[in-house]
Asker: 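Could you have a look at this structure, given as structure tokens, before my questions?
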Amino acid sequence: MIKITFMGAGSTIFARNVLGDCMCTPALRDAEIALYDIDPVRLMDSQLILSAINKNVNDSRADIHTYLGPENRKEALYGATFVVNAIQVGGYDPCTITDFEIPEKYGLRQTIADTLGIGGIMRGLRTIPVMEDFARDMEEVCPNAWFLNYTNPMAILTGFMQRYTSVKTIGLCHSVQVCSENLLKELGMEDHLDGRTELIAGINHMAWLLNIHDRNGEDLYPAIRQKAFEMNQAGGHKDMVRFEYIRNLGYYCTESSEHNAEYNSLFIKSRYPQLIEEFNIPLNEYPRRCIKQINEWEEEKKSILNNGAITHTRSLEYASYIMEAIITNQPYKIGGNVLNQGLIENLPSDACVEVPCLVDGSGITPCHVGRLPVQLAAMNMTNINPQLITVEAARTRNREMIYQAAMLDPHTSAELSIRDIRAMVDELIDAHGDYMSMYR
């Protein structure tokens, strides 16, 4: 029997989408599903919702079990075929709050803080020790399982698992499969959606739409560049940072403008406060989203359950399609995060890169891309440098390397002095308490 273990099952909406997708997939409908979390309330919420989906769309074929806390983790993982990871170590309160409030005291402003920047670095440092525990358990009780990682910071966490454990790991993100569709819709080019071809490669949240052609093979980039320039000249829309990438770097990237605003030293600058309004940058966006979701959860849960009439339609999330392709040996193409073993020639071999991958019965096979345009590789390197140092800091528990990662982060280093960076890191480590005790 196929066993699917979901780590961080208290991420109820995401668990519903991924596991609901599995229940809508003939090859996966009879799976054993293990829900694991450390929060009993959210774990029960997920069980309630998934059991209703299982009954309504799957004739109760799936066998669903819950596992609470580290003492039950091995049992949850035992014999798993696939392990989906969606944990958030420390949650919104206290850890996300801390990751925003302390940097703001030093004059460092952020938007999302989950992938890079000082917030992404801290999130990676407190998550890797937990994922290392997962890996050691998996090596013992499900050594052949595929680990499908959705947790951010994607490149840091996935890169650690791929370099320092024997677990078969792929990193997955929503941004690849919606990148060109959303771009064409934004620009009023919907008539080019059907039959388009594209190539996307780079790093997570900063992978590049390297080429895009319509069904007849016509290059769509000249029209995209012109329309994006005109939209930014008019101003006031939500994607101004990425359209500015198109103007100055020549290419569009996968993740949103609110994310990319904090991945470089170009947009959030204390000397140029007018840029925030000019480029429509939503500072402190992630805390606002978290508060909204927390406040609205009970009503959302009622809406999802819909008096027992809950249903589900298979989404575009990669997870169920990957599982199906591996189980049935029917090929499927994804954009995945993998070690750069001969894939992108002008990025480091120990970097975690996002490239096209073929999935079938033999597993997941990344595709060779070649060289990125030099300016795109250079932009990626500004993010890869602190990612690699953060991985090493977590592996070695070396506090000095945490300072170095922060010093080489493009946004942090553009705003703060070395003295302030070290002081901020010290304050963050202290404030995170037990979550960061291994770095003291």
Side-chain angles (χ1 to χ4, degrees), residues 90 95-96 98-129 152-160 163-164 202-206 259-272 275 281 283 286 340 347-353 375 377-432 435-440:
C95 285
T96 296
T98 299
D99 283 343
F100 274 85
E101 288 186 348
I102 289 176
E104 194 164 8
K105 284 173 49 181
Y106 288 83
L108 190 62
R109 299 169 297 169
Q110 302 173 96
T111 55
I112 306 295
D114 71 348
T115 297
L116 203 67
I118 192 62
I121 290 169
M122 289 294 136
R123 184 181 285 226
L125 290 167
R126 63 178 179 265
T127 306
I128 283 177
N152 285 322
M154 177 61 63
I156 290 171
L157 303 181
T158 303
F160 172 84
R163 289 174 61 195
Y164 294 117
I203 62 173
N204 178 244
H205 284 193
M206 198 188 277
H259 274 277
N260 270 273
E262 64 183 5
Y263 297 163
N264 54 68
S265 58
L266 301 172
F267 296 98
I268 306 174
K269 302 169 76 71
S270 55
R271 285 189 58 200
Y272 302 91
L275 294 178
I281 296 169
L283 296 173
Y286 188 64
N340 187 31
L347 294 181
S349 61
D350 51 359
C352 181
V353 295
Q375 74 277 17
M379 190 70 153
N380 284 163
M381 280 304 305
T382 67
N383 284 222
I384 289 170
N385 288 331
Q387 288 169 357
L388 293 179
I389 299 172
T390 301
V391 169
E392 291 306 303
R395 183 182 71 86
T396 61
R397 308 298 197 254
N398 184 336
R399 188 171 179 137
E400 195 65 29
M401 297 190 83
I402 301 176
Y403 302 136
Q404 293 165 357
M407 282 185 257
L408 286 169
D409 172 71
H411 176 44
T412 303
S413 61
E415 292 286 270
L416 303 184
S417 68
I418 292 175
R419 183 179 295 108
D420 281 350
I421 289 171
R422 294 180 73 98
M424 178 182 63
V425 166
D426 288 340
E427 191 170 344
L428 281 162
I429 291 172
D430 289 344
H432 280 306
Y435 293 111
M436 299 282 280
S437 60
M438 65 289 296
Y439 303 110
R440 291 193 182 129

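Note that this is a predicted model, so its numbers are computed, not measured.
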Asker: Measure the CD-CD1 distance between Q404 and I418 for me, rounded to the nearest 0.5 Å.
Answerer: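 Here the interatomic distance stands at 10.5 Å.
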Asker: Can you tell if the side chain of T158 reaches within under 4.5 Å of the side chain of N204, non-hydrogen atoms only?
Answerer: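 Side chain of T158 against side chain of N204, heavy atoms only: no contact under 4.5 Å found.
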Asker: Taking M122 as the fixed residue, which of T96, V425, T127 is the one that meets the side-chain contact (heavy atoms from CB on, under 4.5 Å) rule?
Answerer: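 So, applying the side-chain contact (heavy atoms from CB on, under 4.5 Å) to M122 and each of T96, V425, T127, only V425 qualifies.
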Asker: With heavy-atom distances below 4.5 Å as the criterion, would you say the side chains of F267 and N260 are in contact?
Answerer: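 Not touching, per the 4.5 Å side-chain cut-off.
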Asker: Check whether N264 reaches the backbone of M379 with its side chain - one donor and one acceptor, N or O, closer than 3.5 Å.
Answerer: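 Side chain of N264 to backbone of M379: no pair is present.
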Asker: State, to 0.1 Å, how close S270 and E415 come at their nearest heavy-atom pair, and which atoms those are.
Answerer: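 Minimum heavy-atom contact is N-OE1, 3.1 Å.
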Asker: Do P103 and M424 have side-chain heavy atoms sitting under 4.5 Å apart?
Answerer: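 Side chain of P103 against side chain of M424, heavy atoms only: contact under 4.5 Å found.
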Asker: Are any non-hydrogen side-chain atoms of R126 and C95 less than 4.5 angstrom apart?
Answerer: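 Heavy-atom side-chain distance check passes, below 4.5 Å.
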Asker: Look up atom OG1 in T412 and atom CG in D420, then write down how far apart they are to the nearest 0.5 Å.
Answerer: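 Spacing of OG1 (T412) from CG (D420) equals 11.5 Å.
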Asker: Can you tell me if Y439 uses its side chain to pair, donor with acceptor, with the backbone of L125 under 3.5 Å?
Answerer: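 Yes; judged by distance alone, with no hydrogens or angles, the pair exists.
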Asker: Rounded to the nearest 0.5 Å, how far does NE2 of H259 lie from CG of N152?
Answerer: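 Here the rounded value is 7.0 Å.
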Asker: Without swapping roles, check the side chain of E262 against the backbone of A113 for a donor-acceptor pair under 3.5 Å.
Answerer: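 Yes; at least one donor-acceptor contact below 3.5 Å.
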Asker: With a cut-off of under 6.0 Å to the ring centre and 45° to the axis, is R422 in cation-pi contact with Y403?
Answerer: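 That pair qualifies as a cation-pi contact.
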Asker: Can you pull out every salt bridge (charged side-chain N to carboxylate O under 4.0 Å, His left out) where at least one residue sits in residues 103-114? Sequence neighbours excluded, please.
Answerer: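 Every pair satisfying salt bridge (charged side-chain N to carboxylate O under 4.0 Å, His left out) with a residue in residues 103-114: K105-E427.
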Asker: In this structure, are over 12 heavy atoms from other groups packed under 6.0 Å from R440 atom CZ?
Answerer: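 Yes.
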Asker: Please check: side-chain N/O of Q110 versus main-chain N/O of D99, any donor-acceptor pairing under 3.5 Å?
Answerer: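 Yes, the answer is positive, given that a donor and an acceptor are paired below the 3.5 Å cut-off.
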Asker: N385: what forms a side-chain hydrogen bond (donor to acceptor under 3.5 Å, both in side chains) with it, not counting sequence neighbours?
Answerer: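 Here no residue qualifies.
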Asker: Indicate yes or no: at least one non-hydrogen side-chain atom of R395 is less than 4.5 angstrom from one of M401.
Answerer: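 With C-beta onward as the side chain, the pair stays apart.
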Asker: Could you check whether any side-chain N or O of D409 sits under 3.5 Å from a backbone N or O of L116, counting only pairs where one atom can act as donor and the other as acceptor?
Answerer: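 Side chain of D409 to backbone of L116, a donor-acceptor pair under 3.5 Å: no, none is there.
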